[in-house]
Amino acid sequence: MRTSALAVSVAGGVPSVLPSRALEVDAGVALPVAFGGLRKVLRACEGAAPDVVGALARAHPSEWNRLFPGSILGVPDLSDLALTPSERRLHRESEQMFWVLNVAAKAIVETLRASGRPLVLHGAGECDLVSLRAVMRAAEWSRLEGLDGTLLLTGWSVRRPHGAVGFESRRQAYLDALCDRMRAPRATGPGLVSSRALEPAVDLEGRYLQLAVDGTQAREVRVAAAILAIRACFFTTNYEGAMLAAEQGLALLDDGPDATLPARVADAWDSLDTGFTTPAIEIDRSSLGDVEELRALLLRCMGVVHVFTGSHDAAMEAFGRGLTCRIPQELVARLHMFRALTLTKRFGQLPNARTEVEAGLAALERSTAPDRALQEGWLRNVCALTWFQERKLDKAVAEEKLAMRCVGDLHDASATHLKINLISNASYLQETARQWGDAIATWRRFEKISERWGANFAKHHRYRLAGLELGAGERDAAVAHFTEAYANADELGDSFHRQVIAAELGRLFLDEQQPAVAVEWFARAEEHARAVGDPLKVAQSLAGLAVAGGHTDWTEALRCAQASTTWPKETAVLVEALTSGDAKAVQAALPRARTKLNRPFDAVQLY
């Protein structure tokens, strides 16, 4: 049975002999700008296979515009179609980046197929990690499709001239993880630093990072650009770029006293900013202040990056450094909120988290700021989470009610963000208590807030409503709403969530002994799984089709499962069941419907 495909290897330097007829690309970049290397790879792919890459770009114009801004006119912005991470919730998942990197990976796979040429990426050790994640995705996709070919990444040990000092060890761990996921032997550790020159900026992230490191620019311009770069990197999940910007900003603030610096930073911000604001990451002009407030802001951002990359002790240290700054009490409260959330979500230290909440509330008692109530609401929301995790639901409910009271009369973006979170949490608390009717009624409050939710929100809303109805025994209503959620995903061209819903409906009908309907849904699930190139999801869909159809040939399902490197635990369970040939064990390994549609986008993540 063939379980391998693309032959992937990495080299610390540049081998003396390269594959013949290779498509060679210098993927290195001087600055860790998201998509910096990937753009060069995709341009080379366009040259080698213009028809297939052009067709992909036209089929996915919103994603292509994110890679090549303004290249396709008159199409929806990606932000209208897919979700971003959330800073306030320390939630790193980015549906947007999954879509972008998946399209890029598909372009690489189709170029290798159409051209029949090996692909050699030079300067790979200097490539930005966001781009390398697309290459990793392409390697897994190629294994699913049994694509013969060669991928060689050279210069793996070379370091770029601009990189975050505090990210070096994490970057090396990421490079090792990339090798493992691509099934390539690991290369040696970091070597010499190159003298690679900066390239022209393609987007705002690149422009801001260039300004932040440019020693010829005024100090205030560099500080403002550093903060703006952090905001841009947040949306591209460019953790190294954000860390570099934070380090640059802090170093500039520490470069001697300057009483007029904060005012000049504000002026520089006005000249550089596009006016963009979003509750996904609360960085705008109102975030600026004196030098101590700017320093605390940069440390907060650094802490969030550490959380997103699994460096939780470093995150607590960064948030703690922010607390040593002389800042207004509402900013003190916010830093305590981030420490509490980190202790809750990453360490499971719930009493310690509540101590942080209490410290934040104590700080707010000394505050008269307009956003005092908002900060209290977020703190109490975290406190409710700690009680929920201890299964003390009455205390969790009490904190949620206090949090809602804090923001009930507030209507700005952050308050609305919190309200949505609170309604969701209240419904989840009721679900946990198996109060299905109350959970459904609470969840349906969203329908009263607005009748104009977009398809992306409706997709998640209908899915959860269906899951709750299934728990309540309202099976027909549940199937109807799962189907509506599928239709919402269909409207968005969202194969990832179409696959999730179709596979779970297949399992539902299979468990109900309705094999004919199960076959229909598993067939859709397989189609969508192949569209996103996920070997495990293809394997699950094929396994479901076999069980529903009464077949016992697991050969192709097993091959696909063995091609997966994204989901090791789930893959191991399915492989064991398929190997045993036990149809009941296979059925038990298939995904069931849940009450939340959120799924990790680990296919394009490094840990």
Please lay out, stage by stage, how N381 and N425 fare under the test side chain to side chain contact (heavy atoms under 4.5 Å, CB included). CA-CA 9 Å; N381 185 49; N425 291 348; 2.9 Å; yes
Would you sort out whether R498 and S495 count as a side chain to side chain donor-acceptor pair (under 3.5 Å), showing the intermediate values? CA-CA 5 Å; R498 277 184 289 186; S495 288; 3.0 Å; yes
Residues W567, D534; criterion side chain to side chain contact (heavy atoms under 4.5 Å, CB included); working and verdict: CA-CA 10 Å; W567 320 100; D534 189 316; 3.1 Å; yes
CA sep, side-chain torsions, deciding dist, call: C233, L209, side chain to side chain contact (heavy atoms under 4.5 Å, CB included): CA-CA 9 Å; C233 290; L209 278 171; 4.2 Å; yes
Might you work through the ring-ring contact (aromatic ring centres under 6.0 Å, His included) test for Y239 and F167, ending with a clear yes or no? CA-CA 9 Å; Y239 308 124; F167 202 80; 7.4 Å; no
W156 vs L178, test: side chain to side chain contact (heavy atoms under 4.5 Å, CB included). Steps then yes/no. CA-CA 11 Å; W156 197 251; L178 274 160; 4.2 Å; yes
Run the numbers on E447 and R444 for salt bridge (charged side-chain N to carboxylate O under 4.0 Å, His left out), then give the verdict. CA-CA 5 Å; E447 297 165 11; R444 298 199 83 147; 3.1 Å; yes
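Between the side chain of S62 and the main chain of P76, a donor-acceptor pair closer than 3.5 Å is present. For K419 (side chain) and L410 (main-chain N/O), a donor-acceptor pair under 3.5 Å exists by modelled atom type. The backbone N or O of R594 lies less than 3.5 Å from a partner atom in the side chain of Y463, making a donor-acceptor pair. In this structure, the side chain of S427 does not engage the main chain of S424 through any donor-acceptor pair within 3.5 Å. E87 places no side-chain N or O within donor-acceptor distance of the main-chain N or O of A280, the cut-off being under 3.5 Å. Checked by atom type and distance alone, the side chain of N102 pairs as donor or acceptor with a backbone atom of V532 at under 3.5 Å. The main-chain N or O of A561 is never found under 3.5 Å from a side-chain atom of S564 such that the two would form a donor-acceptor pair. The backbone N or O of T277 lies less than 3.5 Å from no partner atom in the side chain of D284, so there is not a single donor-acceptor pair. With hydrogens and angles ignored, the 3.5 Å screen pairs no side-chain donor or acceptor of R207 with any backbone N or O of A201. At least one donor-acceptor pair under 3.5 Å links the side chain of R117 to the backbone N or O of A22.
In this structure, CD1 on I108 lies 11.0 Å from CG on L56, to the nearest 0.5 angstrom. To the nearest 0.5 Å, atoms OG1 (T566) and CG (L536) are separated by 8.5 Å. One finds the CE atom of M136 at 11.0 Å from the CG atom of D180 (value rounded to the nearest 0.5 Å). Note that CG of D80 and CD of Q96 are 9.0 Å apart. Values are rounded to the nearest 0.5 Å. From Q248, atom CD reaches atom CG of D214 across 10.5 Å, with rounding to the nearest 0.5 Å. In this structure, the separation between OG on S71 and CG on L73 is 8.0 Å, given to the nearest 0.5 Å.
At least one cation-pi condition fails for R464 and F482: the charged atom is not both under 6.0 angstrom from the six-membered ring centre and inside a 45 degree cone around its axis. A cation-pi contact, defined as under 6.0 Å to the ring centre and within 45° of the axis, is absent between R231 and Y208.
The two residues M302 and A246 come nearest to each other via the heavy atoms CE-CB, 3.8 Å. When every heavy atom of V479 is checked against every heavy atom of T483, the shortest pair comes out as O-OG1, 2.7 Å. Contact between N238 and V130 at its shortest, heavy atoms only, is CA-CG2, 3.8 Å. Closest approach of A225 to L211, counting heavy atoms only: CB-CB, 3.6 Å. Counting all heavy atoms, side chain and backbone alike, C560 lies closest to P535 at O-CB, 3.1 Å. What you find for Q217 and V221 is that their closest heavy atoms are OE1-CG1, 3.8 Å.
Using cut-offs of 30° and 60° on the angle between ring planes, the pair F446 and H461 is perpendicular. Aromatic ring orientation, W64 versus F68: tilted (interplanar angle from 30° to 60°). Classification of the F308-F234 ring pair by plane angle, with boundaries at 30° and 60°, yields tilted.
Looking at E240 and D128, their side chains never come closer than 4.5 Å, going by heavy atoms from C-beta outward. Between D148 and L6, every side-chain heavy-atom pair lies at or beyond the 4.5 Å cut-off. Looking only at side-chain heavy atoms (C-beta outward), V8 and R183 stay at 4.5 Å or farther from each other. By the 4.5 Å heavy-atom criterion applied to side chains, L298 and I230 are counted as neighbours. Using a 4.5 Å heavy-atom threshold, the side chains of D273 and R285 count as separate. Under the 4.5 Å side-chain criterion, counting only non-hydrogen atoms from C-beta, Q210 is not in contact with H162. Between I72 and R58 the shortest side-chain heavy-atom distance does not fall below 4.5 Å. Using a 4.5 Å cut-off on side-chain heavy atoms (C-beta onward), L119 and L152 make no contact.
Every ring pair (Phe, Tyr, Trp, His ring centres under 6.0 Å) that Y486 has, sequence neighbours left out, goes to W521, H528. For R592, the side chain to side chain donor-acceptor pair (under 3.5 Å) partners at least two apart in sequence or on another chain are D511. Applying the side chain to side chain donor-acceptor pair (under 3.5 Å) test to E282 and every residue at least two apart in sequence or in another chain returns R88, R334, S414. Qualifying side chain to side chain donor-acceptor pair (under 3.5 Å) partners for T274, counting only residues two or more places apart in sequence or in other chains: none. Applying the salt bridge (Lys or Arg N to Asp or Glu O under 4.0 Å) criterion to E484, with sequence neighbours excluded, gives R462.
Under a 4.0 Å N-O distance rule, the pair R113/E110 qualifies as a salt bridge. Salt bridge D494/K459: present, at least one basic N to carboxylate O contact under 4.0 Å.
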Distance-only donor-acceptor pairs under 3.5 Å for side chains of residues 25-39, two or more places apart:
| from | atom 1 | to | atom 2 | distance (Å) |
| --- | --- | --- | --- | --- |
| D26 | OD1 | G28 | N | 3.1 |
| D26 | OD1 | R196 | NH1 | 3.3 |
| D26 | OD1 | R196 | NH2 | 3.2 |
| D26 | OD2 | R196 | NH1 | 2.9 |
| R39 | NE | L67 | O | 2.4 |
| R39 | NH2 | L67 | O | 3.1 |
| R39 | NH2 | D203 | OD2 | 3.0 |

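A salt bridge (Lys or Arg N to Asp or Glu O under 4.0 Å) with E145 is found for one member of R530, R559, K106 and no other, namely K106. When each of E95, E93, E570, E504 is paired with R599, the salt bridge (Lys or Arg N to Asp or Glu O under 4.0 Å) condition holds for E504 and for no other.
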